[in-house]
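Every value quoted in this text rests on a predicted model; they were computed, and no experiment measured them.
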2 protein chains.
Amino acid sequence: MSNEKVIQILQDHGIKPSYQRIKIYEYLINEKNHPTADMIYRELAPGIPTLSKTTVYNTLKLFNSVDVVQKIMIEENEVRFDADMNKHGHFKCLGCGDIYDFPIKSTAIDYGMPEGFELKDEHIYCTGYCSECSSLQEKTS
Amino acid sequence: MSNEKVIQILQDHGIKPSYQRIKIYEYLINEKNHPTADMIYRELAPGIPTLSKTTVYNTLKLFNSVDVVQKIMIEENEVRFDADMNKHGHFKCLGCGDIYDFPIKSTAIDYGMPEGFELKDEHIYCTGYCSECSSLQEKTS
DNA sequence: GTATCTGCAAAACATTTGCAATTCT
DNA sequence: AGAATTGCAAATGTTTTGCAGATAC
């Protein structure tokens, strides 16, 4: 995604596009690797020598508060971030640790939510083994 | 649930039914309130003066490792526990903070998982407002 | 009597906070 | 200059670890 488009998206959500914010959003939208705050920091810090982890945390919190990124809480003690706000599920491979997106057929879910409940947010999380790690497992067992 | 049945369940999963383990499992299965480790500790400590938080953590980890309890990671920085291992979703009310179970119609979900992926675990988490908190909101707005 | 379980204290780790320095307009 | 943003250092809160004492069979 181009620099201009990133700036546009941030401004559309009322966020001033500072250098750090642009870089962090660019990273999320281009890499699509569902990083933790720490992973973002480690990736960007070499290119932005003054970058601090606090800024990464501040920025992610800001992004999340205006719904330009979502939090993925698929494993305890690590929050991951995703700039793809379209409806999809997340699968974490217990082998390689990667997180994969998967489609959710929109009509296919019926929550059976009780009367009067107001739904705000929904997440579908799965764990298991991706096709690569799955075949590795077979060989060793 | 009776003390005998609790002991039976723990033994069926290869867990020695110590006094602390029985109390913790009893609490989870009878209260069904999806507590954090800290909530369990605070509830049980008065009745078990020597109980330590370490034991609560150890016990929950043991229970989870043999699938007698599941972890609920619906909000960052708090893991909750549920002794109900039947398939169901979890809804956290952003007003009162309570977690509600809801049914998942079993045929209603189609993950569209890629070829060769091995599914181990799946969770559906929702947030929003329960009927009580939802009507309170309307009044104040 | 030996293996297991428990619990204290300290450590580890991710995230937040207070505040001063920097940047932007 | 004035307001917002950044970043350092310290604090916070939860979970883990090391190890010694207690317990169970």
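Note: B/Phe117 and A/Phe102 fail the aromatic proximity criterion, with ring centroids not under 6.0 Å apart.
At the phosphate of C/dT16, neither OP1 nor OP2 sits under 4.0 Å from any side-chain N or O atom of A/Tyr57. Listed pair A/Lys61 / C/dT16 meets the phosphate criterion, a side-chain N or O lying under 4.0 Å from OP1 or OP2. Here A/Ser52 does not reach the OP1 or OP2 of D/dC8: none of its side-chain N or O atoms lies under 4.0 Å away.
Between the C1' atom of D/dT15 and the CZ atom of B/Phe63 lies a distance of 18 Å, rounded to the nearest Å. The OH-P distance, from A/Tyr19 to C/dT23, rounds to 13 Å in whole Å. Between the CG atom of A/Asp38 and the P atom of C/dA12 there is a distance of 17 Å, given to the nearest Å. One can place CZ of A/Arg80 at 12 Å from P of C/dA14, the figure rounded to the nearest angstrom. Whole-Å rounding puts the A/Ile48 CD1 to D/dC8 P distance at 13 Å. Rounding to whole angstrom units, CD of residue B/Glu78 and P of C/dT15 are separated by 15 Å. Spacing between atom CD1 of A/Ile22 and atom C1' of C/dC24 amounts to 13 Å, rounded to whole angstrom units. For B/Leu44 and C/dT6, the CG to P distance is 13 Å, given to the nearest whole Å.
The B/Arg21 side chain lies nearest to C/dT6 when the options are C/dT15, C/dT6, D/dT6. With C/dG7, D/dT15, D/dT6 as the candidates, the nucleotide lying closest to the side chain of A/Gln20 is D/dT6. Of the candidate nucleotides C/dG7, C/dT15, D/dC8, C/dT15 has the atom lying nearest to any side-chain atom of B/Asn77. Comparing atom distances between the A/Lys16 side chain and each of D/dT5, D/dT17, D/dG7 picks out D/dT5 as nearest. For A/Leu51, whose side chain is taken as the heavy atoms from C-beta onward, the closest listed nucleotide among C/dG7, D/dG7, C/dT15 is D/dG7.
Using the six-membered ring where Trp is involved, B/His88 and B/His90 have ring planes that are perpendicular, over 60° apart on the 30 and 60° scheme.
Here the shortest heavy-atom pairing between A/Ile104 and A/Gly89 reads CD1-N, 3.5 Å.
Summarising the geometry, atom NZ belonging to A/Lys32 is positioned 8.0 Å from atom CG belonging to A/Asp82; distances are rounded to the nearest 0.5 Å. Taken from CD1 in A/Ile24 to OG1 in A/Thr59, the straight-line distance is 4.0 Å, to the nearest 0.5 Å.
For B/Ser18 and C/dC5, a side-chain-to-base donor-acceptor distance below 3.5 Å is absent, hydrogens and geometry of angles not being considered. With hydrogens and angles left out, the side chain of B/Thr54 and the base of C/dC8 share a donor-acceptor pair within 3.5 Å.
Note on B/Thr50: only backbone sugar-phosphate atoms sit closer than 4.0 angstrom, heavy atoms only; bases stay farther off.
Two residues, B/Glu76 and B/Ile15, neighbour DNA chain C, and the one matched to the more 5' nucleotide by heavy-atom proximity is B/Ile15.
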